[in-house]
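Read the structure below first, then the notes.
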There are 2 protein chains.
Amino acid sequence: MATIKDVAKLADLSVSTVSRYLNNHPYISDEKRERIQSAMDELHYVPSSIATQLRSKKGTMIGVLVSRITNPFFSYLVDAIEKQAKKDNYNVLIMQTYDDPNAEIKMLDMLKQQVISGVIMCSIEIDIKLLESYQEFGPIVLCNENMPHSILPQVVTNQEQAVYQGIGYLINQGYHKIAYCTGGTLTSKGHGKYRTRGFEQALLDNKLPFKKHWIFQDTHTIADGRQVAKELLALSKTERPDAIFTNSDEVATGIMEYCLNHKVAIPNELAIMGFDNQPFTSVLAVPLTTIAQPIAALGEESTRLLIAKLEGTAYLINQEKLNLTLIKRESA
Amino acid sequence: MATIKDVAKLADLSVSTVSRYLNNHPYISDEKRERIQSAMDELHYVPSSIATQLRSKKGTMIGVLVSRITNPFFSYLVDAIEKQAKKDNYNVLIMQTYDDPNAEIKMLDMLKQQVISGVIMCSIEIDIKLLESYQEFGPIVLCNENMPHSILPQVVTNQEQAVYQGIGYLINQGYHKIAYCTGGTLTSKGHGKYRTRGFEQALLDNKLPFKKHWIFQDTHTIADGRQVAKELLALSKTERPDAIFTNSDEVATGIMEYCLNHKVAIPNELAIMGFDNQPFTSVLAVPLTTIAQPIAALGEESTRLLIAKLEGTAYLINQEKLNLTLIKRESA
DNA sequence: CTGAAAGCGCTAACAA
DNA sequence: TTGTTAGCGCTTTCAG
């Protein structure tokens, strides 16, 4: 592998001139420019970014932390981040946590070690104060994690409002016995908290009862959805809700599958709302009414914000691109 | 940030001793070991992996090249790769190509620059000879890209056989007018080639006709599937196939959606087979018969193979884990 | 067992 | 406009 020294020698110049050329400094005569370039070509020279980084302390790698890449929400998010990063010549290091706090710490340590120059956290399990303490090693931006009491820069949507509107829609459609699924618990801290707040507020404003046994916690997968449906159908007809608002399309899908298998008509006997608007939801047995998140915008804005911090420039988040949208189909 | 120098000073030892400790060399007295460790703890020392890399030429980052991470096949593959890599303390740099050869070259250049120490190619657009020429800069393994004439190490499944069996299954079920979708073209080089070969062979062995207008090329998305269905339904009833074998669950889904919307019964009027066995396929309006790929095994084996090459050890691919499986459901 | 010293490939003062 | 030089933080001979 040719080094800057080889190039300098071949071009009969000093390494510093070559280095200047590399960093397109001014004050290099055109004649030397050419000599350098042709020497580089001849040697197939590529600068060692490792050496550059060691010396200049500037990297080009940004870390992206997600809980699991196979969740389409995250794969679309990573897609948007990677595309945006590439535009500014940054690379993307992926790390999955599977909700393990230790994995989060590992990524943060990479920030400390300068393996990555900044990090986008799309999932947070560790204590926010601990997370904040890592800021001294490089910029950290939170993506889709609403932490109102934290000073960390964050790119978020208004989940509370979206759920409020979603529940409002159900009520408008004539459903008044509304069950609810959350990925966390009723007292949890993640964005589940905001969704639940929207749900409770909507109930309150519409003078609808909040029934404990219509609440399902910690639901995530299609299998979880089936279980929810099973419990629902075990209820006597009078005790049964007429609609269910879920925290994910997967859960909604599981509920739908189980109901259909047990001859429960959707939406007549039970209306179902999903969350995320994943590609397959329009082609389910009963096309799913759901809420779309502005995933691409979340990824883009987070990345632009992070890169701005990395480069010491200012960036104002375009909050208008960050709206959730109710997608009306047939399940509710 | 504390450096090795600070640690050495605090422990009142030389940097070389500390370095030895770091690399767990033998020949360090227990007493010094402790002194070093407590100095490190006190300073919250973390070695700079950049400096280590510059000096030792050994990195810990492996590149993974996929065409698009939002394709579930790839997100599951990346998931498996990342998990396996983590086990051996390697990190994963993701790069999407969107089928752009230049993006591939960019990743390969990162290999040259030592940003990554090795690369797993899950998608190939550039010339194989060009790709091979990059081998001198670090190990390259092909994942799910069958290149029989290349010397590059590769982890592959027998797609030809799987399709042969899939078509055989359709024939067994009584379908004899079989249409076919491919993601490439009939003359393409990717793994599409092997699938098509399996299709043609199955037709031949069963003395079934190969009809040009039952072949659809370059199909990928749900939208493509709808278009295929549209063209199919435009055919007169006698000219229409009674089954269609597709290259992806998305395409199959699009076909199903369009057919159902146009009162064409699945599988009675048209049997549909998908490819990939994505999670949602079991809950479609008509649960999809499809072919499951051993994605996790592909990811694991590729990663283990790459890491073995990186570390100079031998690794024999476990081909038995690499089988495709026919998943029988209701669409065919 | 331990230390001194010479770099890895590059950047950035400081001089010229 | 260009060259000299001193490191970045670490590993690795080579001598004790």
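What you are looking at is a predicted structure, and each value in this text was computed from that prediction instead of being measured. Each chain gets a letter, A, B and so on, in the order the sequences are listed, and its residues count up from 1.
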List the atom pairs, with distances to 0.1 Å, where a side-chain N or O of residues 311-321 of chain B and a protein N or O form a donor-acceptor pair under 3.5 Å, not counting sequence neighbours.
{"unit_1": "B/Glu311", "atom_1": "OE2", "unit_2": "B/Tyr90", "atom_2": "OH", "d": "2.9"}
{"unit_1": "B/Tyr315", "atom_1": "OH", "unit_2": "B/Glu301", "atom_2": "OE1", "d": "2.9"}
{"unit_1": "B/Tyr315", "atom_1": "OH", "unit_2": "B/Glu301", "atom_2": "OE2", "d": "3.2"}
{"unit_1": "B/Asn318", "atom_1": "OD1", "unit_2": "B/Glu320", "atom_2": "N", "d": "3.2"}
{"unit_1": "B/Gln319", "atom_1": "NE2", "unit_2": "B/Val156", "atom_2": "O", "d": "3.0"}
{"unit_1": "B/Lys321", "atom_1": "NZ", "unit_2": "B/Glu300", "atom_2": "OE1", "d": "3.3"}
{"unit_1": "B/Lys321", "atom_1": "NZ", "unit_2": "B/Glu301", "atom_2": "OE2", "d": "3.1"}

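- Taking the screw axis at each terminus of the helix from C/dC1-D/dG16 to C/dA16-D/dT1 from five consecutive base pairs, the angle between the two is 40° to within rounding of 10 degrees.
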Nucleotides 11-16 of chain C: protein proximity per nucleotide (B base, S sugar-phosphate only, - neither; heavy atom, under 4.0 Å): BBB---

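- Nucleic acid contact class of B/Ile28 (heavy atoms, under 4.0 Å, all strands): sugar-phosphate only.
- The shortest distance between the side-chain N/O atoms of A/Lys32 and the OP1/OP2 oxygens of D/dT2 is below 4.0 Å.
- Taking only side-chain nitrogens and oxygens, A/Lys57 comes nearer than 4.0 Å to OP1 or OP2 of D/dG9.
- Between B/Ser48 and B/Thr3, the closest side-chain pair of non-hydrogen atoms is not below 4.5 Å.
- Following rounding to the nearest Å, B/Leu54 (CG) and D/dT11 (P) show an atom-to-atom distance of 11 Å.
- When the P atom of D/dC8 is taken as reference, atom CD of A/Gln113 falls 19 Å away, rounded to whole Å.
- Side-chain contact check for B/Leu131 versus B/Ile140: some heavy-atom pair is nearer than 4.5 Å.
- For the residue pair A/Tyr76 / A/Asn71, no side-chain donor-acceptor distance below 3.5 Å is found, with atom types taken as modelled.
- B/Ile124 places a side-chain heavy atom less than 4.5 Å from the side chain of B/Leu142.
- Remark: P of C/dC1 and OH of B/Tyr21 are 16 Å apart, rounded to the nearest angstrom.
- In this structure, B/Arg35 and B/Glu31 have side chains that are in contact, with non-hydrogen atoms separated by less than 4.5 Å.
- When side chains are defined from C-beta on, B/Gln114 does not count as touching B/Phe137, because their heavy atoms never get closer than 4.5 Å.
- Residue B/Gln53 contributes atom CD, which lies 16 Å from atom P of D/dG9 at whole-angstrom precision.
- At a cut-off of 3.5 Å, with distance as the only test, a side-chain donor of B/Gln293 or B/Asp276 sits close to an acceptor on the other residue.
- When the C1' atom of C/dT2 is taken as reference, atom CG of B/Asp12 falls 12 Å away, rounded to whole Å.
- Residues of residues 35-49 of chain B that place a heavy atom closer than 4.0 Å to DNA chain C do not occur.
- Rounded to an integer number of Å, the gap from A/Leu13 CG to D/dT1 C1' is 11 Å.
- Remark: P of D/dC10 and NZ of B/Lys5 are 11 Å apart, rounded to the nearest angstrom.
- For the residue pair A/Ser19/A/Ser16, the side-chain donor-acceptor check at 3.5 Å is not satisfied.
- Inspection of the A/Gln159 and A/Asn146 side chains reveals no N or O donor paired with an N or O acceptor under 3.5 Å.
- Within the structure, every pair that satisfies the side chain to side chain donor-acceptor pair (under 3.5 Å) test and touches residues 119-132 of chain A, not counting sequence neighbours, is listed here: A/Lys129-A/Glu132, A/Glu132-A/Ser150.
- Note on B/Ser14: a side-chain N or O is less than 4.0 Å away from OP1 or OP2 of C/dG3.
- Nucleic acid contact class of A/Ile50 (heavy atoms, under 4.0 Å, all strands): none.
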In residues 53-63 of chain B, what donor-acceptor pairs under 3.5 Å come from side-chain atoms, sequence neighbours left out?
{"unit_1": "B/Ser56", "atom_1": "OG", "unit_2": "B/Thr52", "atom_2": "O", "d": "2.8"}
{"unit_1": "B/Ser56", "atom_1": "OG", "unit_2": "B/Lys58", "atom_2": "N", "d": "3.4"}
{"unit_1": "B/Thr60", "atom_1": "OG1", "unit_2": "B/Asn89", "atom_2": "O", "d": "3.0"}

